[in-house]
Amino acid sequence: MARLISDKYKEWEAECNDRFNQLKANEEKLNEIFIDIYGLQDELTPEVEDKDVTVRKAELSRDIRSLLSYAVGCMFGRYSLDVDRLAYAGGDFSDQWVVVSGQYFKREVVEYYVGQELSRTYRVAEIDGLGNGSLPVGKTIAEGGIVFTFGSDETGSSVNPFQYRRGTSKKLYEGICKLSVDCTGLEGGTGDAAYDLCSPEILDAISSGDCSKLVSRGWNDADQLDWEAIRSKLVGSDQSDTNHYSLNTNHYCPDKDNIIPICDDEYFTDDIANRFVDFVRFVYGRGTLEENLKFIADALGGKGTPRQVIRDYFLNDFYNDHCKIYQKRPIYWLFDSGKKNGFKCLIYMHRYKPDTIARIRTDYVHEQQERYRTAIAGLENQIVNAGTSERVKLNKQLKKLQDQADELHGYEEKIHHLADQFISIDLDDGVKHNYEIFKDVLAKIK
């Protein structure tokens, strides 16, 4: 459903004002009480000035910048639209975020989905043994080094997850919930079978009866299942018992490689400005996107289209704001080639890995260099055929790109030196100590 940020801000402003006025009234009531107790009516008054109230009111520019900061947190997985608290602030990222169908999801969201879906599958399969009274039990699928053992029946025999017999014990379901399966050999597998085998693609195949997808992935016995019986149970009269639980793949996912470029132009489709536009579209709806971007841009100030204002904010002001908020101990680190803005990218320090800088160099710095070479060559060709006035404009653009390319060339040498070292960091050493290690390639903290 499309929503307006301006409306949400009005709600927030009203909430802040109510809280401010309530606190002010409380403080003035306490003053009246103490003045009365100590007989200070001739010396003091109970009134409290607004500046002395310790809770702040809404402020459009500051609060919009906070929205942008929260969006960046969602881009890195520090925050998530699925949970209210911090989603990730250290430790193994895969402990808290898992990949399903190529997208990151919060682990608790997937575990709830998997639990519900396996429970449904168990109930569907248990009803009348899918019409046959019994199905193969104890059969192990092993192809390409893949072995599935999803628990056992009362006799201890291993059970294929989608092959059941009438009267199978509830222990089977309990075993499924505690499954431990090596799925790394499966095409597209992540190594975590709970999420691979209960991915939307696999479960959709089960509910639709399209066993070809399962057979192609090593499920040799998939065509032996009674698909009509499964489908009839899935769409049967008892919807409360056999409802198909769908993992919402319309999902705002954190960045996979923990590297988000910041550019003065659209050199990367997934740079921070485009990612933010995607965030606003996802959260507030496509129908109000342009109006919401304009509201944000007006709050930030600046010249140009709303998208350009937002891009300029990320390029020039976001990191200074971030460092102020975190008192010069930034959790997002800005890799910065210099004043010409030849190259910038953000990483989240809690997701830093020894190969992060190498990935920045090969996947982004080199890519940016190639884009500059292409753009410079294109401008040089245009200048040859341009008129006098147009040539002046193009030469100015060419000079800017050449300066950025030269700056990036020197920066590549610095980052190359660090990339080859595969440096590890200890978060317990603190931001200041770890930031100092990479000071030659990071933005200076003002």
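Quick note: numbers below take in every heavy atom, side chains included, and nothing from hydrogens, waters or symmetry partners. Computed from a predicted structure; not experimentally measured.
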So, taking the atom named [atom1] in [X] and the one named [atom2] in [Y], what distance separates them when rounded to the nearest 0.5 Å?
X	Y	atom1	atom2	value
Leu418	Lys439	CG	NZ	11.5 Å
Gln402	Gln397	CD	CD	12.0 Å
Ile64	Ile296	CD1	CD1	5.5 Å
Ile383	Asn395	CD1	CG	4.0 Å

May I ask you to test the [X]-[Y] pair for a side-chain heavy-atom distance under 4.5 Å?
X	Y	answer
Leu67	Ile5	yes
Ile272	Leu346	yes
Arg281	Asn292	no
Tyr411	Asp336	no
Leu4	Lys8	no

* Which class fits the ring pair Phe318 and Phe314: parallel under 30°, tilted 30 to 60°, perpendicular over 60°? -> tilted
* Asked: Taking the inter-plane angle between the rings of Phe279 and Tyr252 on a 0 to 90° scale, is it parallel (under 30°), tilted (30 to 60°) or perpendicular (over 60°)?
  -> perpendicular
* Asked: Does atom NZ of Lys24 have more than 12 heavy-atom neighbours, drawn from other residues, nucleotides or ligands, at distances under 6.0 Å?
  -> yes
* Asked: When you look at CG of Asp52, are more than 12 heavy atoms from neighbouring residues, nucleotides or ligands closer to it than 6.0 Å?
  -> yes
Could you list the residues that satisfy salt bridge (charged side-chain N to carboxylate O under 4.0 Å, His left out) with [X], not counting sequence neighbours?
X	result
Arg371	Glu367
Arg361	Glu412
Glu370	Arg373

For [X], enumerate each residue passing the side-chain contact (heavy atoms from CB on, under 4.5 Å) test, keeping only those at least two apart in sequence or located in another chain.
X	answer
Asp363	Arg359
Asn316	Asp312, Asn341
Val309	Ala297, Leu300
Lys353	Asp355, Thr356

Please check this pair: side chain of [X] against backbone of [Y], looking for a donor-acceptor N/O pair closer than 3.5 Å.
X	Y	result
Asn274	Asp270	no
Glu407	Lys340	yes
Asp317	Tyr313	no
Glu13	Ala58	no

* Which residues satisfy the side chain to side chain donor-acceptor pair (under 3.5 Å) test with Lys57, sequence neighbours excluded? -> none
For the residue pair [X] and [Y], what are the closest heavy atoms and their distance?
X	Y	value
Pro261	Cys345	CA-CB, 3.8 Å
Ile310	Phe276	CG2-CD2, 3.9 Å
Val277	Leu289	O-CD1, 3.9 Å
Leu315	Cys263	CD1-C, 4.2 Å
Tyr9	Leu60	OH-N, 2.9 Å
Ile331	His322	N-NE2, 3.2 Å

Salt bridge present between [X] and [Y] (N-O < 4.0 angstrom):
X	Y	answer
Asp271	Arg275	no
Asp321	Arg65	yes
Asp403	Lys399	yes
Glu390	Lys393	no
Arg351	Asp257	no

* Should Gln22 and Asn26 be marked as a side-chain hydrogen bond (donor to acceptor under 3.5 Å, both in side chains) after you check the CA-CA gap, both sets of side-chain angles, and the distance that decides it? -> CA-CA 6 Å; Gln22 183 63 59; Asn26 291 346; 2.9 Å; yes
Output every pair passing ring-ring contact (aromatic ring centres under 6.0 Å, His included) with a member in [range], not counting sequence neighbours, ordered by first then second residue.
range	value
residues 68-87	Tyr70-Tyr79, Phe76-Tyr332
residues 359-379	Tyr267-Tyr372, Phe268-Tyr364
residues 426-446	Trp333-Tyr435, Trp333-Phe438, Tyr352-Phe438

* To do: Verify the distance criterion only: is there a donor paired with an acceptor across the side chains of His417 and Gln421 at less than 3.5 Å?
  => yes
* Asked: Taking atom types as modelled, is there a side-chain donor on Asn31 or Glu27 under 3.5 Å from an acceptor on the other?
  -> no
* Going through the checks in order, is the ring-ring contact (aromatic ring centres under 6.0 Å, His included) test met by Phe93 and Tyr88? -> CA-CA 7 Å; Phe93 192 67; Tyr88 175 78; 4.8 Å; yes
* Structure fact -> Sequence neighbours excluded, the answer for ring pair (Phe, Tyr, Trp, His ring centres under 6.0 Å) partners of Phe422 is none
